[in-house]
2 protein chains.
Amino acid sequence: MARATIKTVAQAAGVSISSVSRALNGQTSNPDTVARVRAAAAQVGYLPSAAAQTLKTRHTGQIAFAMEDIGNPAYLAMVRAIQPLLRSAGYRLLLHSTGADVGEEIQVLESLNQHYVDGLVLCPIRVTDRHLAALAQTAVPVVVIGSLPETVDVDAVRADSRTGTRLAVEHLAAAGCRDIALVNGPADTTPGSARYAGYVDGLRSAGLPVRDELVRFTNFHIAGGLEATKDLLAGTPIDGLVGANDRIAIGAMQALREAGRVVPRDVKVVGIDDTELAATAYPPLTSVDLGAAQRGQLAAQLLLDRLAGRAAARTRVAVEPSLNIRESSR
Amino acid sequence: MARATIKTVAQAAGVSISSVSRALNGQTSNPDTVARVRAAAAQVGYLPSAAAQTLKTRHTGQIAFAMEDIGNPAYLAMVRAIQPLLRSAGYRLLLHSTGADVGEEIQVLESLNQHYVDGLVLCPIRVTDRHLAALAQTAVPVVVIGSLPETVDVDAVRADSRTGTRLAVEHLAAAGCRDIALVNGPADTTPGSARYAGYVDGLRSAGLPVRDELVRFTNFHIAGGLEATKDLLAGTPIDGLVGANDRIAIGAMQALREAGRVVPRDVKVVGIDDTELAATAYPPLTSVDLGAAQRGQLAAQLLLDRLAGRAAARTRVAVEPSLNIRESSR
DNA sequence: CGATGTCTCGGAAACGTTTCCGGGCGATGG
DNA sequence: CCATCGCCCGGAAACGTTTCCGAGACATCG
C-alpha cells in the first residue's frame, strides 16, 4: 500500500487537509474534529513527511556536530553532554568526523547553505582564513568550540588550555620535578600552540629554565605519545612529563614502562582533558580537566538559544580548567 | 540578501528553471547552456535546497546508525568502518545513541517512516517482539548488526560471540587455569546469553565443571566489571577470568589489582571485542576480536547494495571470531 | 522541396506540507 | 427580526525542486 499522506487522513476523517494540519499541529479547531483527525491519522498510520515539512517551515529539526575524530574521548564527553540537550529540545544530532582536514571542514560549513540542518557546533583544531571566510556567510547559526579571533561574529566557547597546561607544570614542579618534558600535539594547531605557551608559563612561574630538548611535537594519538617519548628518553633524563592529551600521556606511560622507568616513582606524568581514559589507565592518570562536557553543554545551549531567537549579541565564553590528581603524579 | 534558488540562477543565466536543473544534473543539454548555467550558479552562490530535492526525489542522502552507547569502543570501530563507505557513496551519517532503551529504539524505527533517512543500520542489544513488529513495516531498508530470528525478512550481520567466548575459555584452560570465572553483561541481552553459552561450551570442551559461584552478571561498563569482580573475589578463589567485554575486563583487572592479585601471574584475564582499550590497558589485555570493523563494513555495504537496488534476497552473514593474545594471559 | 528525425528548450505539473484568506453558520445584542 | 461578531472550516497558494510533455529550430533523407 502506498504511503499515508495528509490527504489520506483528510479523506478518512472526512475533512479538508487544512483541517488535518491544524488539528495535528494544535491550532484552534473543534475538539470533536481534532479527535476524529487523530483517530484517522492513527488508523492509517500517518506520519508527516520530514522533507515537506522542512520545505514549508524551513526547519529541519537536525543539528550537526563536527569534530576532528570521533575516537577522541574528549569529543565523546562533548557529544554526551550535547545529545540530551538537543534531544529534549526536539532536535536530532548529526555527527561529522572531519579527520582534521581543512577541506572537509570547509565543505561542512558550505553545505550548511543547503539547509539540511538548523545549526552547527564546530570544533576546529586549526582556524584558517578559509574557515573565517566560510563562517562569515553561513546560512544557519554556528557555535564554535575553540578559539576564534575577536573580530569574527560567531558565538564561541573555549577552554583555557594555556592555563590548564601551566597548572600541570606547576603541579609537577611542586612535587619536586626539575626536568619536566612536554609531549605536545602538532605545533600548528590551536591546542598545540596554547599548550606550549602554558608549558613555558609554568616553567617560568616555577623558576625553571625552558629547554628545547625537553619538548617534542607529535600527533594527538597514543602511538604518537609512545614514539615521541621513546625519542625523548633517548636524549636527556626527565623526572616529569606533561602529555598534551590523555592519549599522548598514556602512550608516554607505555614508553616509560618499556624503558624500565616506574611511574610515578621515577617520572611523574600528567595528561590533559581528563577523559575516561585517565581514570582507567594504570597507574590512574593525573589530568587537567578542560571542561569538555561543560563546553559541549554551553555550546548546545547557546545554539538552542539562538535558534529560539532568544540569543543576544555575539557571545564568547571561556571555561576554567582544573587539575584532577591521581596516582601517576603522587 | 535572500537565498539563491534555482529561479535566481535561471534569471541570471537567461534560461528557464528546467534548463538549469538539467544543466546542473548532467542531463543532455547544450554544452554552451551548461557553461552559462554553471557560471551563473557560481556567481549567485546557488546551492540546491536539500528539502526540496528530497521531497521531489524521495532520497535524503542520509543514513542512520543506531547503537546502544557511543562511548562503547566496539561501536566506535563500526562507525569508523561505516563512515568512509557511506561518505564515498555520497551519504551523510546520522548517529543515534539509544542507551539500550527499547522505547527509543522503537521510536527510531518508527520515525523511519518520516523518511528523514534513506536507510538504517541498527545494533539492538535485545530484540523484542516490538522490535520485530516495527522492523516488519519500516519504509526504508534496514540492516541489523546482531542476531535475528530466521523468519524476519531483514538483512543481518552478526558476530559469533558464543564461539568467541569458548575460544577465550579454552585459551585460559590451555594456559593451566582451573577456576575460570565469567563476568558477564546482563543475562537478558543477546550478547549476554550467547557469551554465557560460550563459557559453558568452553568449560565442557576443557573438561572443567560449570560452577555458578564463578559467574556474575552486571552491566557492560568498567564500573560494572569492577564491582562484580570484587564480589566474585570475596567468594571463591579464581585463577582465570573472562570479561564479557573489554570494559568489564578492565574493571576486573582494577579489582584484581586492588585485591593484590597480579595479572597474569595470579589470575589470567581475557576480554572480548578487542577494542582500542585492550591494547592500551596495563597489562595489555588478551581479547577476542569479534570483527566489529568487519561487521560495520559488511552492514554498510549490504545497505548500500540494497539502496542501489543491487541486493538480492535477504542476506545473513556471520563473522568469525579470533583471539588476540597479549600480556594479560601469558 | 516536403517529410521526418534530432536536439534543445520552456511550460507546467507534481512531491506533501503549512498558512493565508474568505465564507458559512450559529449565537448574541439591539 | 435583523445586523454583527466569532468560530470553524475549505480552497488555494506557496515552499524549491525534478521531470514529463510538447514546441521550435535545424539538419537530413528520400
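Every chain is numbered from 1 and lettered A, B, ... according to where its sequence line falls, protein lines coming before strand lines.
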**Prompt:** Tell me, do B:Leu307 and B:Ile63 make a side-chain contact under 4.5 Å, heavy atoms counted?
**Reply:** yes
**Prompt:** Going by number, which of residues 107-120 of chain B have a non-hydrogen atom under 4.0 Å from DNA chain D?
**Reply:** none
**Complete:** Closest to the 5' end of DNA chain C, once A:Ser49 and B:Thr33 are matched to their nearest nucleotides, is B:Thr33
**Message:** If the cut-off is 4.0 Å, is B:Asn25 near the phosphate of D:dT18, judged by side-chain N/O to OP1 or OP2?
**Reply:** yes
**Request:** Give every residue pair that meets the ring pair (Phe, Tyr, Trp, His ring centres under 6.0 Å) criterion with at least one member in residues 90-143 of chain A, sequence neighbours excluded.
**Result:** A:His59-A:Tyr91
**Asked** Does the distance from a Lys or Arg side-chain N to an Asp or Glu carboxylate O, for A:Arg80 and B:Asp69, drop under 4.0 Å?
**Response** yes
**Asked** Under 4.0 Å between a Lys/Arg side-chain N and an Asp/Glu carboxylate O for B:Asp155 and B:Arg306?
**Response** yes
**Asked** When the distance from OH of B:Tyr46 to P of D:dG16 is rounded to whole Å, what number comes out?
**Response** 10 Å
**Asked** Could you walk me through whether B:Gln137 and B:Glu110 pass the side chain to side chain donor-acceptor pair (under 3.5 Å) check?
**Response** CA-CA 9 Å; B:Gln137 50 182 346; B:Glu110 285 179 344; over 6 Å; no
**Fill in**
note: A:Asn30, atom CG; C:dC25, atom P; distance rounded to Å ~ 16 Å
Produce the list of close N/O pairs, under 3.5 Å, pairing protein atoms with atoms of nucleotides 11-15 of chain D; give distances to one decimal.
residue: D:dG11; atom: N7; partner: A:Ser18; partner atom: OG; Å: 3.2
residue: D:dG11; atom: O6; partner: A:Ser18; partner atom: OG; Å: 3.3
residue: D:dA14; atom: N3; partner: A:Lys56; partner atom: NZ; Å: 2.8
residue: D:dC15; atom: O3'; partner: A:Arg58; partner atom: NH2; Å: 2.8

**Message:** Taking only side-chain N and O atoms of B:Gln53, does any of them lie within less than 4.0 angstrom of OP1 or OP2 on D:dT18?
**Reply:** yes
**Request:** Measure from CG on B:Leu24 to C1' on C:dC9 and round the result to the nearest Å.
**Result:** 15 Å
**Message:** Under the rule for salt bridge (Lys or Arg N to Asp or Glu O under 4.0 Å), what residues qualify as partners of B:Arg126, not counting sequence neighbours?
**Reply:** B:Asp188
**Fill in**
note: A:Arg36, atom CZ; D:dC8, atom P; distance rounded to Å ~ 14 Å
Identify each donor-acceptor pair in which a side-chain atom of residues 141-154 of chain B lies under 3.5 Å from a protein atom, sequence neighbours left out, and give them as a table.
none

**Message:** Going by the rule salt bridge (Lys or Arg N to Asp or Glu O under 4.0 Å), which residues pair with B:Glu68 if we only count those two or more places apart in sequence or in a different chain?
**Reply:** none
